[in-house]
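Worksheet: one structure, shown below.
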Protein chains: 2
Amino acid sequence: MDAIDRSLVELLRGNARLSYAELARQVGLSAPAVHERVGKLEASGVIRAYRAEVEPEAIGFAVTALIGIVEDSGGDTDDVLEAFRQMPEIESCYFMAGVESFMLKARVGTIAELERLIVRLNRTPGVASTRTGIALSTKWENRPQPPVPPEA
Amino acid sequence: MDAIDRSLVELLRGNARLSYAELARQVGLSAPAVHERVGKLEASGVIRAYRAEVEPEAIGFAVTALIGIVEDSGGDTDDVLEAFRQMPEIESCYFMAGVESFMLKARVGTIAELERLIVRLNRTPGVASTRTGIALSTKWENRPQPPVPPEA
DNA sequence: TTTGAAAGGAACTAAGG
DNA sequence: CCTTAGTTCCTTTCAAA
């Protein structure tokens with residue numbers, strides 16, 4: 001994980017569809033060298049995935065919600081987590097310090113679906129309570145850091 | 001935005017680096033047709049970006065925080081937003097219903113940096129108060145919906 | 001909008017410094 | 001860990017339906 005690796009990561013955070021040839025030009029290496037480095041970044045888990053970022057409304061997710069979860073004192077955190085994993089509406093899941101053990105980001109099509117999701121969450125064993133905030137708009141999401149210029 | 005477009009979007013949400021040829025195989029069209037469709041999805045804003053999803057710790061972001069922002073009654077929301085936009089630590093920004101106008105997701109290297117970010121946020125004109133929760137771990141993030149099988 | 005053809009590039013592998 | 005070289009495959013454009 002040297003400076004070139006970091007540049008590659010930031011370049012791919014900015015545009016995951018850059019070709020190896022283009023990445024190679026930007027960092028000043030040959031394409032096979034970049035291919036090798038990116039392969040190692042993927043294999044070591046530094047790069048987890050490449051995803052298209054989509055306007056949620058365009059694919060029928062008009063409603064974005066952030067949901068804080070308080071756990072039962074008796075519950076098993078792993079079971080709660082597994083239950084969340086089964087709910088595809090939950091796009092992101094953070095384990096938090098504080099009273100609320102989890103913070104979830106969920107996307108659904110309608111307020112009615114959000115209601116059903118919240119009911120399901122409150123019924124999940126190990127969940128004591130939920131607190132939901134509704135996002136009126138997403139200003140930006142998963143913005144990369146500005147890439148450090150590779151050399152000089 | 002027909003069923004094929006939706007399949008293309010979900011396929012690219014799952015793996016943004018799929019080749020046009022591979023996408024074409026999966027949806028049963030020719031590569032040029034897919035090229036054309038994806039180009040239109042990009043141009044129309046349905047696909048906003050292609051991003052590598054990176055293990056934050058690997059690129060020096062050991063600390064993830066979720067920060068709620070209460071605005072001054074007198075402040076201009078656009079100015080506040082613009083100030084947030086200038087802070088690269090703020091990876092995501094949602095405009096919320098409720099007392100807190102914004103919910104921010106920030107990533108920084110250290111708790112000390114988080115402290116500095118919070119001070120900066122509290123000093124930003126238009127910001128009345130902040131409320132910060134610290135994520136101990138990211139269980140998952142930006143998970144795609146399971147893709148609908150293209151045909152049958 | 002789609003397909004097929006065709007040129008130009010890129011990916012991937014292998015061999016060598 | 002890098003480069004050069006070569007083969008295969010993909011991207012991209014265009015004409016035509």
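Letters A, B, ... mirror the listed sequences (proteins, then strands); counts begin at 1.
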Using the C1' atoms of five pairs at each end, what's the angle between the two axes of the helix from dT1(C)-dA17(D) to dG17(C)-dC1(D), to 10 degrees? 30°
Nucleic acid footprint by protein, nucleotides 5-17 of chain D - heavy-atom cut-off 4.0 Å, B for base, S for sugar-phosphate alone: B----SSSB----
[atom1] of [X] to [atom2] of [Y]: how many Å apart, nearest 0.5 Å?
X: R116(B); Y: I111(B); atom1: CZ; atom2: CD1; value: 11.5 Å
X: T132(A); Y: L117(A); atom1: OG1; atom2: CG; value: 8.0 Å
X: M103(B); Y: I134(A); atom1: CE; atom2: CD1; value: 14.5 Å

Measure from the ring center of Y50(A) to the ring center of Y50(B) and say whether it is less than 6.0 Å. no
Do R107(B) and Y94(A) form a cation-pi contact, if we require the NZ or CZ to be under 6.0 Å from the six-membered ring centre and within 45 degrees of the ring's axis? no
Using the six-membered ring of F61(B), assess whether NZ or CZ of R6(A) lies under 6.0 Å from its centre and within 45 degrees of the ring axis. no
Between [X] ([atom1]) and [N] ([atom2]), how many Å, whole number?
X: R37(B); N: dT2(C); atom1: CZ; atom2: C1'; value: 9 Å
X: L29(A); N: dC1(D); atom1: CG; atom2: P; value: 12 Å
X: D2(B); N: dT2(C); atom1: CG; atom2: P; value: 8 Å
X: L23(A); N: dG9(C); atom1: CG; atom2: P; value: 18 Å

Apart from V70(A) itself, members of its ILVMFWY cluster (side-chain separation under 4.5 Å) are V99(A)
Against E91(B), only a single residue in R143(A), R13(A), K139(A) fulfils salt bridge (Lys or Arg N to Asp or Glu O under 4.0 Å); can you say which? R13(A)
